[in-house]
Amino acid sequence: MSSFFKEVYEIVAQIPAGKVASYGQIAAMLGNPRAARTVGWAMSGAPSHLRLPCHRVVNKEGRLSPDPVFGGYEVQRADLEAEGIVFRTDGRIDMRKCRWHPD
DNA sequence: CGCGTGACGTCTC
DNA sequence: CGAGACGCCACGC
């Protein structure tokens, strides 16, 4: 397991329910604010047995990944709402209140 | 070591 | 405001 991927999984696993983090944000935590793409790539290869709350990982817009990846945008929205994530009328997450604030 | 790739981010048109 | 292009980084081959 590459160190970078491991770090990504660790961080994602630490995202509390009701909060979301952006790929760029996670990348910044790893010390590479430009590695947002790599973070997303790491998620794409995230072992399901880790049960990472990947639905809590969104892009800067508060938008989820392409529908097919999560099995449906609506599904993710439902899961996030169930955790307390607030969606705006335009379908975007209210990052102002839901963005994860690490120490 | 070089090339291709990807669930991103930011700029330009 | 929407779509497209480029840049970024790490991984696999």
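So that the names make sense, note that chain A is the first sequence line, chain B the second, and so on, each numbered from 1. The shown structure was predicted, so the numbers you read here are calculated from the model rather than taken from an experiment. These numbers come from the heavy atoms of this one structure, side chains and all, not from hydrogens, waters or symmetry mates.
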- With both distances kept under 3.5 Å, what pairs with dG4(C), Watson-Crick or G-U wobble? dC11(B)
- Write down the distance between CE (Met43(A)) and C1' (dG9(B)), rounded to a whole number of angstrom. 17 Å
- Task: Please determine if a side-chain N or O atom of Lys60(A) lies less than 4.0 Å away from the OP1 or OP2 oxygen of dC8(B).
- Result: no
- Message: Is there a path of hydrophobic side-chain contacts, each under 4.5 Å between heavy atoms of I/L/V/M/F/W/Y residues, joining Leu30(A) to Val12(A)?
- Response: yes
- Query: When the distance from CZ of Phe4(A) to P of dA7(B) is rounded to whole Å, what number comes out?
  - Reply: 16 Å
- Query: Given atom CG of Leu30(A) and atom C1' of dC11(C), what is their separation to the nearest angstrom?
  - Reply: 14 Å
- Query: What nucleotide among dA10(C), dA7(B), dG9(B) has an atom nearest to a side-chain atom of Cys54(A)?
  - Reply: dA7(B)
- Message: Using OP1 and OP2 only, check whether a side-chain N or O of Asn32(A) sits under 4.0 Å from dA10(C).
- Response: yes
- Note on the structure: Rounded to whole Å, the OH-C1' distance (Tyr23(A) to dC8(B)) equals 8 Å
- Side-chain donor/acceptor of Arg37(A) to base of dC8(B), under 3.5 Å: yes
- Query: Expressed as a whole number of Å, how far does the C1' atom of dA7(B) sit from that of dC13(C)?
  - Reply: 22 Å
- Message: Measure CD1/Ile11(A) against P/dA7(B) and give the value in whole Å, please.
- Response: 20 Å
- Should Tyr23(A) and Arg37(A) count as side-chain neighbours, where that means a heavy-atom distance under 4.5 Å? no
- Message: Which heavy atom of Arg77(A) sits nearest to which heavy atom of Leu64(A), and what is that distance?
- Response: N-CD1, 4.1 Å
- Item | Any side-chain heavy-atom pair of Val20(A) and Ile85(A) under 4.5 Å | yes
- Message: Nearest to the Asn59(A) side chain among dC9(C), dC11(C), dC8(B), which nucleotide is it?
- Response: dC8(B)
- Between Tyr9(A) (OH) and dA7(B) (P), how many Å, whole number? 14 Å
- What's the CD-P distance between Glu61(A) and dC11(B), to the nearest Å? 13 Å
- Task: By nearest nucleotide on DNA chain B, pick out whichever of Pro33(A) and Val39(A) is the more 5' one.
- Result: Val39(A)
- Message: What's the closest nucleotide to the side chain of Trp41(A) if the choices are dC11(C), dC9(C), dG9(B)?
- Response: dC11(C)
- Choosing from dG9(B), dA7(B), dA10(C), which nucleotide comes nearest the side chain of Ser65(A)? dA7(B)
- Nearest whole angstrom, please: distance from the P of dG9(B) to the CD1 of Ile26(A). 10 Å
- Query: dG6(B), dA7(B), dG9(B): which one has an atom nearest the side-chain heavy atoms of Ala36(A)?
  - Reply: dG9(B)
- Any side-chain heavy atom of Tyr9(A) within less than 4.5 Å of one from Pro47(A)? yes
